[in-house]
Amino acid sequence: MACFAKQYYASEAHYNHLQHQILASKSQFSSFPTNLTSLKNSSKRSLLLQKPLYISSLGGLGHFDESKNSKPREPLIGCSAYEARRPQPISINIEFDEQAKAAAAQKLKIGVYFATWWALNVIFNIYNKKVLNAFPFPWLTSTLSLAAGSLMMLVSWASRIAEAPKTDLEFWKALFPVALAHTIGHVAATVSMSKVAVSFTHIIKSGEPAFSVLVSRFLLGEMFPAPVYLSLVPIIGGCALAAVTELNFNMTGFVGAMISNLAFVFRNIFSKRGMKGKSVGGMNYYACLSMLSLLILTPFAIAVEGPQMWAIGWQNAVSQIGPNFVWWVVAQSVFYHLYNQVSYMSLNEISPLTFSIGNTMKRISVIVSSIIIFQTPVQPVNALGAAIAVLGTFLYSQVQSTMALYKASNLTPKR
Ligand code: 3PG
């Protein structure tokens, strides 16, 4: 206030001088108001009191002859008035800074989840294939993966490393169809990998979005805009090209990967329906899923392969690989659980669309690393098919995310 008053009186003392100078310079500022008397009488005070800071320099209003005005003057505008306003923008900046920091921390967290998920998945796929090459019993290895995860989680709950979830019968009932689909998808993918190259299984598995759209359209009656259907063309075309040019094509391997795609689409649909409003977090949700899947799979694994065949196969594998074979089995089982657990934990943090983009990136890392490690022969046209399929999956994710934006803003894209 003191500053304002000081500034006002300084301005009052110089007002007539200012008027004179402005009139003198009128020819240069033709748009400036000429009725300065009324300005003085009516709006001068409010102009100077309410908006004192907008006149930052008199130099811009005309030429001052300092020699004629020998009396020392106080400056019309003191910078201290400006300083009084400074805390406001600073507090806004702090808020922005904190928001930016929180956003960067969240991005880093998701980045760490994704990198861990892909790395664990690559390790699982390598050990899984090494085990299946020496011990071609996919029903047993699938069961062991689920058993290892269930055991790890039971130990974590018992030792309170992780808090056990509070579940009821309703929870398990809702989980059952999810577990059934998870079991079928898991065993089908493992059967596929026991028959064909890891890369081929994952190329076919990159076609999962096509299954998702087709199931939603023809079984659930969901309608999609034209760009979504169009984005399926490269996915289906790329997978088909990769399949027909695959050097070691095997029908069981191909059908296994296709069944896995279909089963996982149903798993996702049932998960969404069954888990609405439930409070079990990603890690414990996947633990319960493993346990229920283990119960479903064990009798089928015994019926399809059985302990007698397993015993003979195990002896063969150990004589071929040596005592380390058991560690390969442990690695494929443990890493299967870990990668799935991390993927469910990241699903907790991100949208399903971001998740599906992450999943596509994961397939690229698995395809490339398995081709290098197992020295899988790849023809250029086969690689082209794989690239088209994977690119198509990216395109699909982009189209879906654009559609989600349209939905959020209540706009309707053309069908
Ligand atoms: C499995 O064994 O369940 C499959 O390898 C899973 O494949 P995905 O998690 O990459 O879809």
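Note that ligands are numbered from 1 as they come in the structure, with each ligand's atoms numbered from 1 the same way. Residue numbers run from 1 in the order of the sequence given.
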So if I count the atoms of ligand 1 from 1 in the order they appear, which ones are less than 4.0 Å from some heavy atom of Tyr336?
1 (C), 2 (O), 3 (O)

As an exercise, identify every atom of ligand 1 less than 4.0 angstrom from a heavy atom of Thr190.
2 (O)

Checking Gln400 against Tyr396: is there a side-chain donor and acceptor pair closer than 3.5 Å?
yes

In terms of residue, atom name and distance, what is the protein heavy atom nearest to atom 4 (C) of ligand 1?
Ala189 CB, 3.6 Å

Using ring centroids (six-membered ring only for Trp), state whether Phe270 and His182 fall under 6.0 Å.
no

Mark the output for Met193 as yes if a heavy-atom distance to ligand 1 is under 4.0 Å, and as no if none is.
yes

Scan residues 104-123 for pairs that pass salt bridge (charged side-chain N to carboxylate O under 4.0 Å, His left out), counting only residues two or more places apart or in two chains.
Lys109-Glu349

Which atoms from ligand 1 have a heavy atom of Arg363 less than 4.0 Å away?
8 (P), 10 (O), 11 (O)

Do Thr190 and Ser142 pair up side chain to side chain, a donor and an acceptor below 3.5 Å, judged on atom types alone?
yes

In terms of residue, atom name and distance, what is the protein heavy atom nearest to atom 9 (O) of ligand 1?
Tyr339 OH, 2.7 Å

Salt bridge check, Lys173 against Glu170: does any charged N sit closer than 4.0 Å to a carboxylate O?
yes

With the threshold set at under 4.0 angstrom, would you say Lys362 reaches ligand 1 through any of its heavy atoms?
yes

Which of Trp117, Trp328, Trp118, Tyr339 passes ring-ring contact (aromatic ring centres under 6.0 Å, His included) with Phe124? It is Tyr339

Looking only at non-hydrogen atoms, which of His186, His202, Lys205, Gln332 approaches atom 3 (O) of ligand 1 most closely?
His186

Is there a donor in the side chain of Asn133 and an acceptor in the side chain of Lys130, or the other way round, less than 3.5 Å apart?
no

Please identify which atoms of ligand 1 are closer than 4.0 Å to at least one heavy atom of Phe264.
3 (O), 6 (C), 11 (O)

